[in-house]
There are 2 protein chains.
Amino acid sequence: MAVPKKKVTLSDVAAVAGVSLSTASKALNGGGRISVATRQRIEATALRLDFRPNGLAQSLALGRSRTVAVLTDRAESTFSRPVIIGAATYLGQHEQAVLLYDARLRRRDDMAESIRALNARRIDGVLVVGEGLHHRTRSVTAEFSVPVTYAFTLSDEPDDVSFVPDNVAIGRMAGEHLLALGRRRIAHVTAEADDLAAQLRVQGLREALAAAGLTLAHEVLHGSWTEAWGRTAAQRILAEDWQVDAVVGGNDHIARGVENVLAAAGVRIPQDVALVGVDNWEGLIINQTERHLTTIDVGLIGMGEAAAAHLLGGEQTPGVHYQAPTLIVGETTG
Amino acid sequence: MAVPKKKVTLSDVAAVAGVSLSTASKALNGGGRISVATRQRIEATALRLDFRPNGLAQSLALGRSRTVAVLTDRAESTFSRPVIIGAATYLGQHEQAVLLYDARLRRRDDMAESIRALNARRIDGVLVVGEGLHHRTRSVTAEFSVPVTYAFTLSDEPDDVSFVPDNVAIGRMAGEHLLALGRRRIAHVTAEADDLAAQLRVQGLREALAAAGLTLAHEVLHGSWTEAWGRTAAQRILAEDWQVDAVVGGNDHIARGVENVLAAAGVRIPQDVALVGVDNWEGLIINQTERHLTTIDVGLIGMGEAAAAHLLGGEQTPGVHYQAPTLIVGETTG
DNA sequence: CTGAAAGCGCTTACAG
DNA sequence: CTGAAAGCGCTTACAG
């Protein structure tokens with residue numbers, strides 16, 4: 001039952017404890033010099049009266065709203081979502097609300113208006129969440145007097161702070177995992193040759209192989225991020241008889257497509273060919289105990305958390321922060 | 001460049017316009033009786049000085065924080081995510097921030113503390129986001145003096161407001177789509193018999209068939225929400241030669257499993273057997289122009305939006321609100 | 001129609 | 001160590 005008891009204010013606490021408002025405030029906030037006895041008396045009184053400071057009054061007095069703005073191009077997109085959720089979860093744990101402005105980054109006018117609205121709200125920080133590394137986001141850092149952090153995108157201003165996936169580490173991780181399993185003839189099927197994420201993953205994979213004195217079993221198969229391309233590529237691998245003992249898919253869709261075709265052709269997975277994907281979309285979809293594909297989780301949720309943590313952390317460390325990926329072993333590398 | 005110009009206050013506007021603070025306030029908020037001339041002069045002045053009211057001061061004076069609390073069990077779970085994002089997007093469009101309290105619903109103590117914290121912040125409303133219909137959420141409505149809405153879960157208090165998927169409509173939609181394509185021998189593969197969502201989808205499917213004077217081609221195959229179960233079920237359909245011309249999968253995973261086995265056995269999809277799933281996880285994963293599986297989108301994002309809209313709407317309509325699903329036609333019913 | 005005043009509850013120099 | 005006062009900027013009865 002919602003007992004409609006009158007809100008207890010700091011003045012009430014002060015009156016009951018027999019001190020002034022300012023003394024009560026100091027006692028509860030730990031500022032200034034106060035005798036131990038007085039402090040304890042006030043604290044006990046506050047506790048007894050079930051006092052909670054009015055957050056809005058504190059906000060006004062301190063000029064901090066305990067709200068962070070999250071600016072996105074398209075909040076509903078698959079890859080932004082975990083980033084936003086990660087950030088919002090972390091912020092909520094720290095009593096910070098999120099004001100989500102979606103799709104206002106695009107039009108200049110909307111953005112100018114948004115900036116004014118956010119400043120009027122006295123937001124404590126700004127998190128710009130992008131959708132990958134295809135293009136740089138125009139920096140809005142200078143428009144705010146509070147810290148601005150970029151997640152899952154890079155701004156066009158080098159001194160800005162951004163958090164992005166570590167695509168090189170992803171490629172390296174896939175390679176090292178397969179090498180550790182004894183695989184030596186590794187193929188790679190991935191997206192367009194001009195896709196930056198794809199390029200960096202290729203680079204990481206090559207590094208891992210090079211460290212073992214190896215190279216890829218064949219030149220990289222560039223196509224698109226789709227399952228259909230995975231199937232097409234697998235047909236070519238079979239037709240040209242590359243004799244591979246492992247395939248790294250640039251993402252899970254590709255890996256799935258590769259698997260379907262190989263399996264249909266009688267190739268045993270993982271005995272004959274081991275398979276690794278990227279994205280952890282099985283985990284993205286549903287938390288199955290049944291895990292099939294070995295994959296590498298890019299760490300989008302963790303990236304959102306890290307960006308939020310940095311934003312709240314105070315001192316801004318300029319530059320790019322790379323999110324460490326996680327290997328998730330499934331049946332396809334057994 | 002962040003021009004550090006002094007913030008313009010309402011007092012400044014009043015002074016420049018040559019009126020009192022209260023008159024200026026009334027003019028800009030449209031309250032009370034004011035001469036047209038005065039109002040226009042004040043509005044012009046506000047515009048000229050680029051005045052924006054301090055949101056925190058407004059909040060304190062009005063007792064509204066423009067913040068909604070979102071309470072979840074596990075914000076990072078696949079199905080809560082779109083609901084939360086939908087809600088946050090809608091709320092952001094209406095200048096409402098979201099304070100996400102994750103996983104505090106479970107322990108009584110945490111919850112009590114959270115309620116006190118939220119009341120102290122003078123939140124404007126509460127959105128409880130669940131993870132489906134397996135179990136009812138303990139009602140927290142009475143703990144707050146602001147409106148409380150439940151999304152993707154039902155509370156244990158009948159007069160509460162909740163928004164849930166329309167599983168019956170989902171089943172019906174699948175059936176009607178297949179009937180419209182001329183299919184007559186339809187099988188259904190779904191999760192455990194005691195799964196509520198599965199039951200309701202079965203019911204809807206049966207209703208659609210009954211309306212056409214038909215019944216299912218075979219008793220429902222109950223198993224689990226997994227691809228593996230879809231494969232197993234499909235093997236049985238083949239082994240027992242059910243002669244179906246369509247299969248409805250309880251979700252997309254099941255449908256995929258069914259498809260793999262049927263296709264491997266030489267069944268042409270959709271010519272021989274049409275296939276429908278539920279969840280739209282291809283869309284969930286990545287926005288492919290390439291769409292393969294025909295599926296039914298449960299509408300989680302829309303449900304989050306609707307719940308948020310209702311929460312802001314003022315008058316609360318008690319009871320259960322059902323979210324309409326959307327049919328997304330792909331190649332498997334091509 | 002307009003304005004002086006109180007109120008929303010806190011925090012924080014500044015005196016004492 | 002403690003308190004009176006100003007300040008954070010608004011809104012809103014209430015007089016005039």
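The structure displayed is predicted, hence computed values, not measured ones. By convention in this document, chain letters (A, B, ...) are assigned in the order of the sequence lines, proteins followed by strands, and residues within each chain are numbered from 1.
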Check: Hey, what's the ring geometry for A:Phe79 with A:Phe152, parallel, tilted or perpendicular (30° and 60° as the breaks)?
Finding: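 The rings of A:Phe79 and A:Phe152 stand perpendicular, inter-plane angle above 60°.
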Next item on the list: Could you grab the distance from atom CD of B:Glu157 to atom OG of B:Ser162, nearest 0.5 Å is fine?
Entry: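 That separation rounds to 11.0 Å.
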Next item on the list: Dump the intermediate steps for side-chain contact (heavy atoms from CB on, under 4.5 Å) on A:Leu71 and A:Leu118, then the final yes or no.
Entry: CA-CA 11 Å; A:Leu71 269 34; A:Leu118 294 175; 4.1 Å; yes
Checklist line | Under 3.5 Å: donor-acceptor pair, side chain of B:Ser25, backbone of B:Leu21 | finding: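 No; zero donor-acceptor contacts below 3.5 Å.
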Notebook entry, point to check: Counting N and O atoms only, with roles assigned by atom type, does the side chain of A:Thr67 sit under 3.5 Å from a partner on the main chain of A:Ser65, one being a donor and the other an acceptor?
Noted result: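 Checking the backbone N and O of A:Ser65 against the side chain of A:Thr67, a donor-acceptor pair under 3.5 Å is found.
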Check: In the strands shown, is C:dG16 matched to any nucleotide by a Watson-Crick or G-U wobble pair with both distances under 3.5 Å, and which?
Finding: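 D:dC1 - that is the nucleotide pairing with C:dG16, both distances being under 3.5 Å.
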Checklist line | Any residue of residues 113-121 of chain B with a heavy atom less than 4.0 Å from an atom of DNA chain D | finding: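 Nucleic-acid contacts, sorted: none.
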Checklist line | Atom-pair distance (CZ on A:Arg122; C1' on D:dC8), nearest Å | finding: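 The answer, rounded to whole Å, is 10 Å.
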Next item on the list: May I ask you to evaluate whether A:Ser35 reaches the phosphate of D:dT2, defined as a side-chain N or O under 4.0 Å from OP1 or OP2?
Entry: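 Yes, within the criterion.
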Item checked: Side chains of B:Asp102 and A:Thr89, donor plus acceptor under 3.5 Å ->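 Side chains of B:Asp102 and A:Thr89: no pair found under 3.5 Å.
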Next item on the list: Please step through side-chain contact (heavy atoms from CB on, under 4.5 Å) for the pair B:Ser139 and B:Thr141, ending with a clear verdict.
Entry: CA-CA 6 Å; B:Ser139 178; B:Thr141 309; 3.2 Å; yes
Next item on the list: Let me know the distance between CZ of A:Arg52 and P of C:dC8, rounded to the nearest Å.
Entry: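 The answer, rounded to whole Å, is 20 Å.
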Check: Base, sugar-phosphate alone, or nothing: which one does B:Thr38 contact when heavy atoms must sit under 4.0 Å apart?
Finding: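 The answer is sugar-phosphate, as B:Thr38 gets under 4.0 Å only of primed atoms, P, OP1 or OP2.
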Checklist line | Residue whose nearest DNA chain C nucleotide is more 5′ - A:Leu56 or B:Ser20 | finding: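 Nearest-nucleotide comparison on DNA chain C picks B:Ser20.
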Notebook entry, point to check: What one-letter contact string describes nucleotides 11-16 of chain C from 5' to 3', where B marks a base within less than 4.0 Å of any protein heavy atom, S marks contact via sugar-phosphate atoms alone, and - marks no contact?
Noted result: BB----
Check: Atom CG of A:Asn54 to atom P of C:dC8: distance rounded to whole Å?
Finding: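 Spelled out: CG on A:Asn54 to P on C:dC8 is 10 Å.
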Item checked: Interatomic distance, A:Leu60 CG vs D:dG9 C1' [rounded to whole Å] ->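 Roughly 6 Å, once rounded to whole Å.
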Item checked: Residue B:Arg64 excluded, over 12 heavy atoms near CZ under 6.0 Å ->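 Atom CZ in B:Arg64 is not crowded, with 12 or fewer foreign heavy atoms closer than 6.0 Å.
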Notebook entry, point to check: Nearest-Å distance, CD (B:Gln40) to P (C:dC1)?
Noted result: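 Computing the B:Gln40:CD to C:dC1:P distance gives 14 Å.
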Checklist line | A:Glu113 and B:Arg52 ion-paired at < 4.0 Å | finding: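 Counted as a salt bridge, because a side-chain N and a carboxylate O are separated by less than 4.0 Å.
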